[in-house]
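Data block below; observations after.
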Amino acid sequence: MRSIRAAAAGAVTLSLALAATACGGGSATGGGSNDSPKTLTYWASNQGASIEVDKKVLQPELDKFEKQTGIKVKLEVVPWSDLLNRILTATTSGQGPDVLNIGNTWSASLQATGALLPWDAKNFGKIGGRDRFEDSALGSTGAEGEDPAAVPLYSMSYALYYNKKMFADAGISKPPATWDELVADGRKLSKDGKWALGMEGSNPAENIHHAFVFAKQHGADFFTADGKPDFTSDGTVAAVKQYVDLMAKDRVIAPGNAEYAQNQSVSDFAKGKTAMLLWQSASANLASQGMSEDAYGIAPVPVQSGTPGTGKQVNSMVAGINLAVFKNTDNTDGATKFVKFMTSDAEQKILNKAYSTIPPVKSAQSDAAFATPANAVLKDTLAKSAVALPQVADESQFETAVGTAIKGLFADAAAGRPVTTASVKAALEKAQQQMPAA
């Protein structure tokens, strides 16, 4: 999924009375129908450099769908900072869009609300079958053993983007393969008002994505095998501390990044203010901000030692966007047709090219556009060294609680307050107390 700033559960509850009337599209009757066969409301996530960029990408395709089917699609591109809150409000009020994008890490949490259409064999049959989709993408569509709550739309993984000129000027001949190498390189690169690495320290979801990967590399997880929160094991504490220490101790991230939450780190990299960026499928975003593809290289995210792979060599979560349908849509048939259209080979090629993402539809990956060096790194990561975040009902609360705790630790680091093993553990203990299962 792309970067988000999820609202806390209490904030969602508080906002229901205010937000319910603002949600468009879906039926308030509690059951899907075909009462409005000529219209659909679609909430798209902000995939491009701006909402306007997304509208330019999506509107021609929606016009194409209308020409083919006679169904007009009302588009709203929702910022990641608002999307989860808006969706949770809609699941509670019963008033939402007909079709919507969701971050794939939310699939099990939103599935547990019962508000989304299950993609059973019959519904998959209407869009060409489940076998069209990559297994790695299907692994982030809902809880194991249940029919998926959504269909994969865009697949992504994290990669390390590095500025070739800044590396050459610092006498660095290749991108770092381990975190020790990244820190050593970072100290050479952090000078003259420029910094080695950009991060979104105020973005809970970005924090979770990186902390999850660090935890895997430390042989730990944030949940037990039976799905219970386990935020304070030695491995998870060490993982979070290593992540925050990139700013607090290693000083390869600017203190100001503790306040970043809206893709500012991507802009800094595009402008040459930072030498490295850890991001999901950033090429289109960088191009839209004027950075030439020749100016940067793309490498796998570092590991503790060795090369990326399985087990402790995990270096990315399985990132991506899924397409879901609200059960209470007024246009069940039209919504299904829209999902079929958006996941068709033709549209998969168009949309994933536009966003420099990887098609989760197998047959669409054969297009030459997805054989670039950048996409080779992303595809290799997804195939060999990426793991899905826990598909548990409390995943969205986990993102909020732990991601916000890490945000606080970054704030401490930026202010010069010590970030110790004890303070990290205390922050994670507090986060675990906020979980429903705690």
Side-chain angles (χ1 to χ4, degrees), residues 3 158-163 166-167 170 172 175-218 220 222 235-261 263-269 273-280 282 299-305 308 312-317 402-425 427-428:
S3 308
Y158 276 87
L160 177 70
Y161 296 77
Y162 62 97
N163 185 303
M166 292 176 74
F167 267 58
I172 303 170
T178 69
W179 292 110
D180 284 347
E181 290 176 3
L182 183 143
V183 170
D185 290 345
R187 288 172 175 156
K188 297 176 183 178
L189 292 159
S190 297
K191 60 183 180 181
D192 301 328
K194 297 182 180 181
W195 291 82
L197 181 65
M199 283 286 191
E200 304 274 321
S202 194
N203 186 319
E206 275 292 298
N207 289 338
I208 283 298
H209 298 168
H210 296 301
F212 171 77
V213 169
F214 275 112
K216 288 294 185 183
Q217 293 183 3
H218 282 269
F222 284 93
T236 55
V237 171
V240 171
K241 188 173 188 303
Q242 185 181 6
Y243 173 44
V244 178
D245 271 349
L246 292 170
M247 179 185 293
K249 184 184 77 173
D250 305 320
R251 304 188 186 282
V252 297
I253 299 175
N257 281 207
E259 298 180 2
Y260 281 8
N263 298 359
Q264 294 99 319
S265 60
V266 184
S267 296
D268 281 357
F269 181 75
K273 294 181 179 180
T274 54
M276 291 180 282
L277 173 71
L278 293 170
W279 206 254
Q280 304 171 35
V301 173
V303 291
Q304 302 296 330
S305 63
K312 291 187 178 182
Q313 306 308 97
V314 165
N315 69 340
S316 178
M317 40 83 74
V402 176
T404 301
I406 297 172
K407 173 183 173 180
L409 293 169
F410 271 119
D412 288 341
R417 294 185 289 269
V419 176
T420 65
T421 298
S423 67
V424 171
K425 187 169 185 177
L428 293 175

Please tabulate, one pair per line, all N/O donor-acceptor pairs under 3.5 Å involving side-chain atoms of residues 414-421, not counting sequence neighbours.
| residue | atom | partner | partner atom | Å |
| --- | --- | --- | --- | --- |
| R417 | NE | D412 | OD1 | 2.8 |
| R417 | NH2 | D412 | OD1 | 3.0 |
| T420 | OG1 | A422 | N | 3.4 |
| T420 | OG1 | S423 | N | 3.0 |
| T420 | OG1 | S423 | OG | 3.3 |

I'd like to know whether NZ of K425 has more than 12 heavy-atom contacts from other residues, nucleotides or ligands below 6.0 angstrom. no
Checking S190 side chain against W195 main chain: does a donor-acceptor pair fall under 3.5 Å? no
Of all the heavy-atom pairs spanning A282 and L277, show the shortest one and how long it is. CB-CD2, 4.4 Å
Using a 3.5 Å distance criterion without hydrogens, assess whether the side chain of N207 forms a donor-acceptor pair with backbone atoms of G201. yes
Within the structure provided, determine whether M247 and F410 are in side-chain contact (heavy-atom separation under 4.5 Å). yes
Let me see the working for Q242 and Q304 under side chain to side chain contact (heavy atoms under 4.5 Å, CB included), right down to the final yes or no. CA-CA 11 Å; Q242 185 181 6; Q304 302 296 330; 3.0 Å; yes
Have D185 and Y162 got a donor and an acceptor in their side chains that come within less than 3.5 Å? no
With rounding to the nearest 0.5 angstrom, report the CD1 to CE distance, I172 to M276. 7.0 Å
Check whether N315 reaches the backbone of P308 with its side chain - one donor and one acceptor, N or O, closer than 3.5 Å. no
When rounded to the nearest 0.5 Å, the distance separating CG of D250 from CG of L182 is 9.0 Å
Among K273, E206, E200, the one residue meeting side chain to side chain donor-acceptor pair (under 3.5 Å) with S265: E200
Side chains of H210 and M317: does their closest heavy-atom pair fall under 4.5 Å? no
Check L189 against A170 and note the closest heavy-atom contact, atom names and distance. CD2-CB, 3.8 Å
Rounded distance [0.5 Å steps], OG1 in T404 versus CG in L409: 11.0 Å
Separation between OG of S316 and NZ of K216, rounded to the nearest 0.5 Å: 12.5 Å
Is it true that a side-chain atom of Q264 and a backbone atom of Y260 form a donor plus acceptor pair closer than 3.5 Å? no
Without swapping roles, check the side chain of Q313 against the backbone of S305 for a donor-acceptor pair under 3.5 Å. yes
CG (N257) and CG (L197) are apart, to the nearest 0.5 Å, by 8.0 Å
So do F214 and V240 actually touch side chain to side chain, heavy atoms under 4.5 Å? no
Derivation and outcome, ring pair (Phe, Tyr, Trp, His ring centres under 6.0 Å), residues W279 and F269: CA-CA 11 Å; W279 206 254; F269 181 75; over 10 Å; no
Where is the tightest heavy-atom contact between A299 and P175, given as atom of each residue plus distance? CB-CG, 3.7 Å
State, to 0.1 Å, how close A261 and S202 come at their nearest heavy-atom pair, and which atoms those are. CB-O, 3.7 Å
Please round to the nearest 0.5 Å and tell me the distance separating atom CG of L160 and atom CG of L278. 5.5 Å
Donor-acceptor contact present, side-chain N163 to main-chain A275, <3.5 Å: no
Strictly distance-based, threshold 3.5 Å: is any side-chain N or O of Q217 a donor or acceptor partner for the main-chain N or O of V314? yes
Could you go through the side chain to side chain contact (heavy atoms under 4.5 Å, CB included) check for T274 and K194 one step at a time? CA-CA 6 Å; T274 54; K194 297 182 180 181; over 6 Å; no
Nearest non-hydrogen partners of A248 and A413, listed with the distance: CB-CB, 3.6 Å
Donor-acceptor contact below 3.5 Å, side chain T236 vs main chain F222: no
